[in-house]
Amino acid sequence: MAKKPSIAKGTRDFTPSEVVKRNYIFDIIKKNFQIFGFQPIETPSFENSDTLMGKYGEEGDRLIFKILNSGDYLRKVDDVLYNSKDSSKITSKISEKALRYDLTVPFARYVVMHQNEIDFPFKRFQIQPVWRADRPQKGRFREFFQCDADVVGSDSLLQEVEFVQLYDAVFSDLKLNGVTIKMNNRKILAGIAEVIGAKDNLIDFTVALDKLDKIGEEGVKKEMLEKGISEASIEKASPLFNLTGTNSEQLDALQTLLTASEQGAKGVEELRFIIETISALGLQTAKLAIDVTLARGLNYYTGAIFEVAAPEGVKMGSIGGGGRYDDLTGIFGLKDVSGVGISFGLDRIYLVLEELDLFPEAIDQSLKVLFMNLGEKEAFESLKLITILRKNRIKADLYPDSAKNQKQENKQFKFAKNKNVPFIVIIGEEEFKNNTFTVKNIEKGSQQTYSCDKVEEFVKEL
RNA sequence: GUGGUUGUAGCUCAGCUGGUUAGAGCGUCGGUUUGUGGUACCGAAAGUCGCCGGUUCGAACCCGGUCUUCCACCCCA
């Protein structure tokens, strides 16, 4: 035998049952994207490296899968560079393409390249795999799907409102009740940093703050100190650590804290508008909550920040996220196009639905009716009925091999059972003679015989 | 990228401080019951003990490397 095959770290095969369940999620997300007026686009799996590199920070660059140049790529590397062992410099010589890391940056590239054919504001959705050279963990893979919806070309905060509604609509359709849509605003974070005198440490400040629920107040303070934020600054920021109460109470507290910062005040105002509008419109099942500690790593966000947390009690990282980015297309030379978007983490949503047992019961039922095959002439009769059932859009099939004995007959029953087929149709000698067929309802264990002329009576039962 | 963890029949796992032919349950296959499965009985097949190397008279068990799994960092969907 050949060596046992294996698949690459962080990748998966999907079984028929898994694919069906994944498609169930995809379909609900896609349907809602369309209902909200988003249009689909697709972009290539790999991009030119310089489209991606430097867009996700230092950490991001490390996690981008690079594609080796074709041909004798080492010839372009001179001896000095080769001997320098400088990986990043050599990489840029031997690799000019990279696998897409997310869908947002390729979308920004798309917008810039197609700016003359796009009617703004442009609402697009995109459901495609992305790749990250991350170390896998539960719910973290090296290949996974993102389901993104973005709007570019509109500064209106109504877009943010709409995304909250979109999240609510999708998770409600998925019967995943109790998710929390957490919101924050980059301007608030910047305002806080400004007010406490840590303007130059904005990133460090937010990254540390983001860990509050994980490492606690003391841990956050310690990390901020290590990053060079002064004790006085941290002291000034301490009201943040205990920000509680309703959304509007938190907004009021923030407003007070940020009176001295024009930018911060703007952020509070924006967030207030979104919260109040949603509050007036109402949500189906999701909760909307302010979380000032929400920062998210992507440093291109400039306004609203979204993150969706799974219902309480489910141990899972965020199942969606997004935000507003004013300058994204600026990187590619198109100024003044504001964008805002959200993403659904399909693979994680799958794990959550599986854990909470929320997939529809009969979702992986590949067949509704299986016809036993008890002989050639009986099988031919079966095929006639199967044709009718299939025309009625009923998943029906015939067991292909005729049972020659009891054992083989049992095998057919077992086959049906393993496939979760709810109805078995038996046409044996008796039925063949009488021009009838017998239906066995597996769940109930009951049986009923129909005349072959009255298939519609059986169809009605399904 | 850092630290730890895991890897034994198709699946879930046993295998004590290294010692003769590596075990169980489930599943699979075969047999008994001669138009009905999921329950019962009998039997069988199936593993280079992740991979490579080392220590040893002898290694699934010890050591090193490597891959994989999961976890904590980092970061993130």
Side-chain angles (χ1 to χ4, degrees), chain A residues 1-12 15 25 29 56-64 87-88 101-104 127-148 203 207-208 210-211 214-215 219 223 294-299 306-310 315-322 341-352 370 372-375 378 399 403-433 438-443 445-447 449:
Chain A
M1 260 272 283
K3 214 170 95 182
K4 275 183 191 168
S6 62
I7 55 174
K9 188 203 291 220
T11 64
R12 292 112 351 123
T15 62
I25 302 172
I29 292 174
Y56 309 101
E58 224 175 289
E59 193 67 24
D61 283 357
R62 205 194 76 211
L63 298 177
I64 292 173
S87 297
S88 68
Y101 176 89
D102 74 353
L103 301 178
T104 307
I127 298 177
Q128 289 188 281
V130 301
W131 294 269
R132 296 186 187 177
D134 211 351
R135 197 173 280 208
Q137 275 179 44
K138 183 175 182 179
R140 287 176 84 154
F141 308 97
R142 298 183 119 181
E143 177 184 63
F144 61 97
F145 269 79
Q146 283 192 333
C147 313
D148 274 27
I203 300 286
V207 167
D210 194 43
K211 295 178 192 163
K214 208 179 221 173
I215 59 178
E223 178 163 335
L294 181 61
R296 297 185 56 78
L298 269 16
N299 41 25
F306 301 100
E307 184 164 300
V308 183
K315 213 180 151 215
M316 180 61 66
S318 66
I319 54 177
I342 60 171
S343 181
F344 290 83
L346 171 100
D347 298 274
R348 289 188 177 177
I349 293 171
Y350 181 99
L351 291 171
V352 172
L370 180 72
M372 298 254 296
N373 189 332
L374 302 177
E378 291 90 342
Y399 194 91
K404 302 278 190 293
N405 54 42
Q406 187 61 44
K407 189 79 195 173
Q408 292 179 3
E409 208 171 304
N410 286 354
K411 195 174 169 180
Q412 296 190 16
F413 274 107
K414 214 162 192 177
F415 180 80
K417 182 214 148 206
N418 287 342
K419 284 184 71 110
N420 273 318
V421 181
F423 294 96
I424 293 178
V425 172
I426 300 151
I427 299 180
E429 268 178 65
E430 278 296 306
E431 287 85 356
F432 185 77
K433 231 186 286 170
T438 299
V439 177
K440 187 178 173 78
N441 182 323
I442 299 290
E443 201 185 322
S446 60
Q447 270 184 213
T449 301

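The analysis underlying the following values was restricted to heavy atoms, covering all of them including side chains, and did not include hydrogens, waters or symmetry mates. First the proteins, then the strands, lettered A, B, ... as listed; each starts at 1.
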Between [N] atom [atom2] and [X] atom [atom1], what is the distance in whole Å?
X	N	atom1	atom2	answer
Leu103(A)	A77(B)	CG	C1'	10 Å
Lys211(A)	C74(B)	NZ	C1'	8 Å
Leu351(A)	A77(B)	CG	C1'	11 Å
Phe306(A)	C76(B)	CZ	C1'	18 Å
Ile64(A)	A77(B)	CD1	P	13 Å
Glu59(A)	G1(B)	CD	C1'	8 Å
Arg132(A)	C74(B)	CZ	P	17 Å
Asn418(A)	C26(B)	CG	C1'	13 Å

Does the structure show a Watson-Crick or G-U wobble partner for [N], both distances under 3.5 Å? Name it, or say none.
N	answer
A14(B)	none
C57(B)	G19(B)
G64(B)	C52(B)
G35(B)	none
U2(B)	A72(B)

Hey, could you give me the [atom1]/[atom2] distance between [X] and [Y], rounded to the nearest 0.5 Å?
X	Y	atom1	atom2	answer
Ile7(A)	Arg12(A)	CD1	CZ	8.5 Å
Asp134(A)	Lys9(A)	CG	NZ	10.0 Å
Phe145(A)	Leu103(A)	CZ	CG	10.0 Å
Thr104(A)	Asp148(A)	OG1	CG	4.5 Å
Leu370(A)	Phe423(A)	CG	CZ	13.0 Å

Can you check the distance between [N] and [M], where both ends of the measurement are the [atom1] atom (answer in whole Å)?
N	M	atom1	value
U39(B)	C51(B)	P	35 Å
C29(B)	U21(B)	P	32 Å
C73(B)	U55(B)	P	41 Å
G65(B)	A45(B)	C1'	36 Å
U6(B)	A60(B)	C1'	15 Å
C63(B)	G18(B)	C1'	13 Å
A24(B)	U56(B)	C1'	31 Å
U48(B)	U8(B)	P	13 Å

Please figure out whether Phe145(A) or Arg62(A) has its closest RNA chain B nucleotide nearer the 5' end.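 Nearer the 5' end of the strand: Arg62(A).
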
So, do Phe144(A) and A77(B) meet the stacking rule of ring centres under 5.5 Å and planes under 30°? yes

Measure from the side-chain N and O atoms of [X] to the backbone N and O of [Y], and report whether any donor-acceptor pair falls under 3.5 Å.
X	Y	answer
Arg132(A)	Tyr101(A)	yes
Glu143(A)	Pro129(A)	no
Arg142(A)	Pro136(A)	no

Show each protein N/O and nucleotides 35-41 of chain B N/O combination with a separation under 3.5 Å, one pair to a line.
residue, atom, partner, partner atom, Å
G35(B), O6, Glu429(A), N, 3.2
G35(B), O6, Glu430(A), N, 2.5
G35(B), O6, Glu431(A), OE1, 3.1
G35(B), N1, Glu431(A), OE1, 2.6
G35(B), N1, Glu431(A), OE2, 3.3
G35(B), N2, Glu431(A), OE2, 3.1
U36(B), O2, Lys440(A), NZ, 3.2
U36(B), O2, Gln447(A), OE1, 3.1
U36(B), N3, Gln447(A), OE1, 2.6
U36(B), O4, Gln447(A), NE2, 3.3

What protein N or O atoms touch nucleotides 65-72 of chain B N or O atoms at under 3.5 angstrom, if any, and at what distances?
residue, atom, partner, partner atom, Å
U68(B), OP2, Lys9(A), NZ, 3.3
U69(B), OP1, Gly10(A), N, 3.3
C71(B), OP2, Lys138(A), N, 2.2
A72(B), OP2, Gln137(A), OE1, 3.0

Sequence-distant partners of Lys419(A), side chain to side chain contact (heavy atoms under 4.5 Å, CB included), two or more places apart: Ser366(A), Leu367(A), Phe415(A), Val421(A)

Compute whether any side-chain donor of one residue and acceptor of the other, for Glu431(A) and Thr438(A), lie under 3.5 angstrom apart.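 A donor-acceptor contact under 3.5 Å links the two side chains.
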
Please indicate whether Gln447(A) has more than 12 foreign heavy atoms, meaning atoms of other residues, nucleotides or ligands, lying under 6.0 Å from its CD. yes

